[in-house]
Amino acid sequence: MKRLFPLFLALSLSLSLSACGAPTVGDVGASEQFFAMDTIMTVNVLDENGEAAVQAARAEIDRLEQMLSRTREDSVIALLNTHAGDGSALAVEPELGALLRFAQSVSQDLPGCFDITIAPVMDAWGFTREERHVPDPDTLADTLALVDWRALTVAEDDASARLEEPGMAVDLGAVAKGFAAQRAADAIRAAGGTSALLDLGGNITVLGSKPDGADWRVAVKDPQDTERQLGVVSLRDKTLSTSGGYERYFEANGITYHHILDPETGYPADSGLLSVTVVSSDPLLADALSTALFVAGRQAALDYWRSRDDFELILCGSDGVVTVTEGLTFAFRGEEHGYPCETARR
């Protein structure tokens, strides 16, 4: 399921966006689809520097995967995890140190909702190796005791990091695609690209406008039926990131278990939300918050949104209500499928 769904999502988004000006054969520019960070990614650049910009973006994504993937034995994150608890600080690239520090700041802002040291619990559920199962209570308790972002120490200059306790491990799945989108967008701009759309496994980042000067229009899927749409968001120089329990899950004894785990309980988050979409000019923030606010729930998500001015939200609840924050240009289509829509205001 994990490998099939991102492919479906990428293809469905491509079809949805094609009607709104995405690249087609004969357009100026370039497009490439490839597999990275355990998902299907597509990079489209729609101007004369398209080919060079696409290749620059892909090279940057490949570079970051070699740094961030904990399932690659030679990655920096894998080495950090290997040295957990041995008292040594591992030299890391400052960009990675800054990323770890950013993840800790999200944990601090949203206590109990986000923790990149969740890796041992992810492993206990079998999500890492695609051997999904419900862990026994003792195993879950043992691994949950290893989850504590405060026990990840990052040097002040971001050049080294260490995990304080043996058995601890970092998983950057909740921030890696946002970080890759941020850096790939920078690479596209440096190569002269000005109009682009990056689909990094459901994390959609757009640069500038479409070639005709119009905003990009990106569909938000219905989490209960991904062939349908909740609506379409108009975007320019923004990232749209969606997290939902429908993305990766399995069933056991008639119960569905999804992959977004609550760091406090070790079980799949049960916050009353089916999906959270975050829109921001910061791809990294959008990626992290879509996960953290899914765990937090509707009211906490809205409270956090009201405390800041750098992102917007689309929340789809298990009660069937879609909540859209007032800063978005959103063409709602969920009424066709029985969803009421409300606007959240500051």
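Counting from 1, the numbers follow the sequence of the chain as shown. Note that this is a predicted model, so its numbers are computed, not measured.
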Between S69 and T71: side-chain donor-acceptor atoms closer than 3.5 Å: yes

Gap between atom CG of D62 and atom CE of M67 - 0.5 Å precision: 12.5 Å

Salt bridge (Lys or Arg N to Asp or Glu O under 4.0 Å): pairs with one or both residues in residues 250-259, sequence neighbours excluded: none

W305 (side chain) donor-acceptor with F311 (main chain) under 3.5 angstrom: yes

Pair F179-L68, side-chain contact (heavy atoms from CB on, under 4.5 Å): steps then yes or no: CA-CA 10 Å; F179 190 53; L68 305 178; 3.9 Å; yes

Donor-acceptor pair, side chain of T325 and main chain of E312, under 3.5 angstrom: no

From F102 atom CZ to L285 atom CG, the distance as rounded to the nearest 0.5 Å: 5.0 Å

Sub-4.5 Å side-chain heavy-atom contact between L207 and I188: yes

Ring centre gap for Y246 and H259 strictly below 6.0 Å: no

From CA spacing to verdict: ring-ring contact (aromatic ring centres under 6.0 Å, His included), F127, H258: CA-CA 9 Å; F127 283 112; H258 62 75; 8.4 Å; no

Pairs flagged by salt bridge (Lys or Arg N to Asp or Glu O under 4.0 Å) wherever residues 167-188 is involved - sequence neighbours left out: R70-D171, E95-R183, D186-R189

Expected output: side-chain S195 to main-chain S209 donor-acceptor under 3.5 Å: yes

Pairs where residues 261-270 contributes a residue and the test salt bridge (Lys or Arg N to Asp or Glu O under 4.0 Å) is met, not counting sequence neighbours: none

Side chain proximity check, T291 to I260, heavy atoms < 4.5 angstrom: yes

N81 (side chain) donor-acceptor with V170 (main chain) under 3.5 angstrom: yes

All pairs passing salt bridge (Lys or Arg N to Asp or Glu O under 4.0 Å) where residues 295-306 contributes a residue, at least two apart: R298-D319

Short side-chain donor-acceptor distance under 3.5 Å, D136 and T139: yes

Side chains of L140 and Y267 in contact at under 4.5 Å (non-hydrogen atoms): yes

Interatomic spacing from CG in L293 to CG in L289 - rounded to 0.5 Å: 5.0 Å

Let me check something: any side-chain donor-acceptor pairs from residues 273-280 under 3.5 Å, sequence neighbours excluded? List them with distances.
| unit_1 | atom_1 | unit_2 | atom_2 | d |
| --- | --- | --- | --- | --- |
| T277 | OG1 | T242 | OG1 | 2.7 |
| S280 | OG | D282 | N | 3.0 |
| S280 | OG | D310 | O | 2.8 |

Side-chain donor-acceptor contact under 3.5 Å, Q55 with E51: yes

Between Q33 and T42: side-chain donor-acceptor atoms closer than 3.5 Å: yes

Heavy-atom pair of closest approach, residues D287 and G178: OD2-N, 2.8 Å

Hydrophobic cluster identity match, W149 and L146, side-chain contacts under 4.5 Å: no

Side-chain donor/acceptor of R101 to backbone N/O of A155, under 3.5 Å: yes

Charged N-O contact under 4.0 Å between R132 and E130: yes

Separation between CE of M168 and OG1 of T143, rounded to the nearest 0.5 Å: 12.0 Å

Closest approach of F114 to A288 (non-hydrogen atoms, all atoms of both residues): CE1-O, 3.8 Å

Ring geometry between Y257 and W125 (parallel below 30°, tilted from 30 to 60°, perpendicular above 60°): tilted

V324 vs L313 side-chain heavy atoms within contact, under 4.5 Å: no

Same cluster (ILVMFWY, side-chain, under 4.5 Å), V321 and F294: no

Common cluster, V134/I118, ILVMFWY with side-chain heavy-atom separation under 4.5 Å: yes

Contact check, side chains of L110 and Y304, non-hydrogen atoms, under 4.5 Å: yes

Nearest heavy-atom neighbours spanning A36 and I61: CB-CG2, 3.9 Å

From CA spacing to verdict: side-chain contact (heavy atoms from CB on, under 4.5 Å), T343, R345: CA-CA 6 Å; T343 300; R345 304 188 187 280; 3.8 Å; yes

Rounded distance [0.5 Å steps], CG in L240 versus CG in N203: 8.5 Å

L96 side chain reached by L172 side chain, heavy atoms, under 4.5 Å: yes

Stepwise side-chain contact (heavy atoms from CB on, under 4.5 Å) check, L80 with L163: CA-CA 7 Å; L80 176 65; L163 290 163; 4.2 Å; yes

Closest non-hydrogen atom pair between H83 and S88, with its separation: ND1-OG, 3.9 Å

Worked check of side-chain contact (heavy atoms from CB on, under 4.5 Å) between V147 and V121: CA-CA 8 Å; V147 179; V121 182; 3.6 Å; yes

Same apolar cluster (I L V M F W Y, side chains within < 4.5 Å links), L328/V218: yes

Close side-chain approach of D237 and V206, heavy atoms under 4.5 Å: no

Q224 versus Y339, side-chain donor and acceptor atoms under 3.5 Å: yes

CG on D148 to CD on E165, rounded to 0.5 Å: 8.5 Å

Heavy-atom neighbours of E326 CD exceed 12 at 6.0 Å: yes

R333/E336 ion pair, N-O < 4.0 Å: no

For R72, salt bridge (charged side-chain N to carboxylate O under 4.0 Å, His left out) partners two or more places apart: D74

Any D109 side-chain heavy atom under 4.5 Å of R308 side chain: yes

E342, CD atom: more than 12 neighbouring heavy atoms under 6.0 Å: yes

S31 and N44: side chain donor to acceptor below 3.5 Å: yes

A181 to T205 - nearest heavy-atom pair and separation: CB-OG1, 3.5 Å

Modelled atom types, side-chain donor and acceptor of S107 and D115, under 3.5 Å: no

Minimum-distance pair of heavy atoms, taken over all atoms of V295 and S271: O-CB, 3.4 Å

